[in-house]
2 protein chains.
Amino acid sequence: MKKLLLFIAIFFYHLMGFAQKVDFYQKERAQWLKIAEQTTPKLVETTKRPLSIVRLEKNEKKFQHWDTKPQTEAKNLFKDSFKKQAGMILDFGEHLTGFVTFSVEDFGRAADAPIRLKFTFGEVPAEVAEPFDPFKGGLSRAWLQDEIITISEVPKTITIPRRVAFRYVKIELLGSSVYSDFKISDLFVKATTSVKQSAVPLAKGTPEMIQKIDQIGLNTLKECMQTVYEDGPKRDRRLWIGDLYLESLANIYSFKNHELTKHCLYLLAGLSYEDGVAPSNVFERPKPHPQINPLFDYALIYNVALKEYLQATGDKKTALDLWKVAKKQIEIPKKYLGEDGMLDYQKAGKEWWVFFDWRNGLDKQAALQGVVIWAYKNTYELAKMLGKEQEVKELPALIQKMTEATHRTLYDTQKGVFVSGKDQQISYCSQAWMILSGVASQTEGKKALENVMAHTDAVKPGAPYLYHYVIEAMIQVGMKEEAKGLLMNYWGDMVNKGADTFWEVYDPQDDFLSPYNAYLINSYCHAWSCTPVYFIRKYPDIFQH
Amino acid sequence: MKKLLLFIAIFFYHLMGFAQKVDFYQKERAQWLKIAEQTTPKLVETTKRPLSIVRLEKNEKKFQHWDTKPQTEAKNLFKDSFKKQAGMILDFGEHLTGFVTFSVEDFGRAADAPIRLKFTFGEVPAEVAEPFDPFKGGLSRAWLQDEIITISEVPKTITIPRRVAFRYVKIELLGSSVYSDFKISDLFVKATTSVKQSAVPLAKGTPEMIQKIDQIGLNTLKECMQTVYEDGPKRDRRLWIGDLYLESLANIYSFKNHELTKHCLYLLAGLSYEDGVAPSNVFERPKPHPQINPLFDYALIYNVALKEYLQATGDKKTALDLWKVAKKQIEIPKKYLGEDGMLDYQKAGKEWWVFFDWRNGLDKQAALQGVVIWAYKNTYELAKMLGKEQEVKELPALIQKMTEATHRTLYDTQKGVFVSGKDQQISYCSQAWMILSGVASQTEGKKALENVMAHTDAVKPGAPYLYHYVIEAMIQVGMKEEAKGLLMNYWGDMVNKGADTFWEVYDPQDDFLSPYNAYLINSYCHAWSCTPVYFIRKYPDIFQH
């Protein structure tokens, strides 16, 4: 509720801003949206049918305490009476995203009454094992993937008018004629992705667990790569800058569908808020539009994503065309920057959503300093590649000033860690951003990470998104084995618990953690969890042996 | 369950018959179906929007103990936040049948999550007041008209993919974004009927209650007249011979859409069972097909419906073309006819479904004798109109023999009533059919009806279908005031309880009676209840003053 009020306050704050100003991208917007439209990827469609019928088994050792056991081949569904099978669970053997079509047929004797079927689609077994209602979660109940279909005439072929993301499908019979039987004579999904080419295989001898993590990471990325980089194909289903950044990094080292990245960068530019801020997230349908939900750190990350794109592709034309957006984002922090080189993080936190991680109580002062310095550095690199240094010539001095101020203010020499906020909070998040920004020297950074890992009260990462930055920081300070160990531990744990794709939220201590107070509504195929693909393939010396 | 087993036994009995024989209508079937297709009526479509938002009130004096009270104009729904109105009930002010379309729109801020709405359509208030589940009824739960719709994108216009029949619509909100609101900006039904012209007004001075009964009867008939004479637009939605007969009678005296009757007679002929029996009921979709469910009395009534059609239209061409069907139906009883002129009703009851009324325990021997004699007489009249007497020249003697045998066997001279079965059951049903068949003389019939009305243990009619035959019998024996009184009482009682259309089942003593063990699944707009239209308009001397 508090968060909701904050969102509403932020919304009106920015809305008032819009009302007073003209569109900062008045000249460019239409052209950007046109290019976004022209670069919309054509989806690759594959028809997939279920492999088997499974039954559920309670098992405290399995993820969320549910296991599935194969019962019979799925093709039996298509020939036998459905009445006798009602309630069964189909297993497609892999995570898929698309539209599901099914057919019902009678057995010679026409149905004399409509049929009522309930389809429940699950990414993980719990979703087809546990009731969705009563629903107490903080997000729309409608994200949960159950659809009730009335079939007025038999035979009939019906496409469920909603895209679903799933491995399992439960089908229940809510009503039918007592005088005639029927079968579900076919059921398939037209699975989609915009991935066109496979990733190259890993080096021979890569540890089996790394191979598994890589493969599941690739599956996760593939499923999230639709007409945009979606955050999750089951839930949210939109383009966030934070997810785009991680997905495009993983894509650079795997599927190399750079056109999709270009499409997303243009779409975000074309849908930027009128005050020039890059939108935290945008929707494609019913027509492209942003969510009015400005997010401080994500706006700055736009610049880093653009730089990475340019570096990977050499596509200067796009980078030059979108340079105006990058240049505008660096203005955001300036409003909050004090003479001393420190940001007024409390004011920023009131006027903006500041994210970094799903973790209640995380203090974000250090991370905010870090992300700004890091984004400024990346933006300056981008400027140099484009010959635009003159346009942002204030950045080097600004970076230096902020770096020094941050170090002076937030480094606790005695403890050997970076602290954050008035309560001097110690967290993984702060150490990671102090390292990535270069505030911490290599030695300080290593020591800070070692200290935070030894510090039982340190605030741990809440979601895979932050794990990415922590591992990147470890690599940056030379903690190669620790980076590999953390990746093997955290993602490997999901593998051991049966993940087909990596989850939005994962706490090794709590399978039922949910930022939405309803773990069934968590996304279990989530873009920001795919980054092992990037690490494993960018740093083969660390991970592929 | 017993009935189900009987159906299955009958099904296999007839199936075996089919397997051995060639198609009796091999030569004619294709042409009949072609004519049926060519005569499919074009539906008249009218767009209707709700009139008001109502609230429900418990009231033991109202039908099924529910009353509705107007709350506000329906147009408020279309402009205000739906979140604040969720659960409201729309009132269209009349019974309508068709496809419903609705639109959702945001209030400037795009929805960031799907919306889940539940629509419940009710012909009567109880359907939108009481939960459908858990459902214990004997018919498919899927007949109940609730549909859950997930809306992935806003704004959106959606047509619910199921035809519904209703006056009331309840809309519940099962899920939506907490961050954005929306409105239902439009909702309408494309209401259909094949009625093209209004019925002429009743004579001036017709009693108000008769006027009301006539109007509600017309509404009922109009709603059931779709591309066939349906039995009920909410439930069953198919063409039964029994309903066709009563509807076409009412149509002759009101809307005069004789083309629809012709279409139905051809459709039934074209879908007759291969052994030549007219099908008890047929479905139009997905392609025209009969339900394999032979019904003794309905097969014979086909002939009477054809005769009435010829009499009303003079369309000899159709009657001659379909004469073969009529001629075949008169064979059905012969198999069960003993030397003594009595039918082996127990054998017939084992091999056929014998209907006459929804009333457990009703003995059908007398009614079976009656309906056969009545149908034979009507068929002979039909033959005479077509110059085909020679082809059925056995009928007059057969009618005489059966009439005498029936009178001898079933008339209880002492009690002055007709009895039925080995337990000599006394029922309205038996008296009605003894009169209609002419087994009872006018004097005997009048006395029998008077006696049965005075006889508290007599088996009463269970549904409006049988009330029709009872009233027709009363008129035939000159009990004009009693006929008017019964019609005023029985249908007038439904009027007083707020009927918009007449109900499938109505027991003045029990609003919750249901042949399906679930009164919410009863049809509340049912063809066979429309016959006051026929009586009031055919016999103005009795009813219109």
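Here is how names work: the chains are called A, B, and so on, in the same order as the sequence lines, proteins then strands, and each is numbered from 1.
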*Could you tell me how the ring of Phe119(A) sits relative to the ring of Phe102(A): parallel (under 30°), tilted (30 to 60°) or perpendicular (over 60°)?*
tilted
_Proximity breakdown for Asp236(B) and chain A, heavy-atom pairs closer than 4.5 Å_ = neither
*Less than 4.0 Å between a side-chain N and a carboxylate O, is that true for Lys183(B) and Asp106(B)?*
no
*Could you tell me which portion of Pro161(B) (side chain, backbone, both or neither) has an atom closer than 4.5 angstrom to a non-hydrogen atom of chain A?*
neither
*Between Phe283(B), Phe135(B), Trp143(B), which residue shows the highest count of heavy-atom pairs closer than 4.5 Å to chain A?*
Trp143(B)
*Quick one: what part of Ser177(B) sits under 4.5 Å from any heavy atom of chain A, side chain, backbone, both or neither?*
backbone
*Pair Asp112(B) + Arg237(A): basic N to acidic O under 4.0 Å*: no
_Does any backbone or side-chain atom of Ile148(A) lie under 4.5 Å from a heavy atom of chain B? Answer side chain, backbone, both or neither._
both
_Toward chain B, the part of Arg238(A) with a non-hydrogen atom under 4.5 Å_ = side chain
*Which class fits the ring pair Phe82(B) and Phe182(B): parallel under 30°, tilted 30 to 60°, perpendicular over 60°?*
tilted
*Inspect the contact between Lys170(B) and Asp146(B) and indicate whether a charged nitrogen and a carboxylate oxygen are less than 4.0 angstrom apart.*
no
_Top contributor to chain B contacts, counting heavy-atom pairs under 4.5 Å, from Gly175(A), Ser140(A), Ser180(A), Ser152(A)_ = Ser140(A)
*In terms of side-chain geometry, is the basic nitrogen of Glu105(A) or Lys156(A) positioned less than 4.0 Å from the acidic oxygen of its partner?*
no
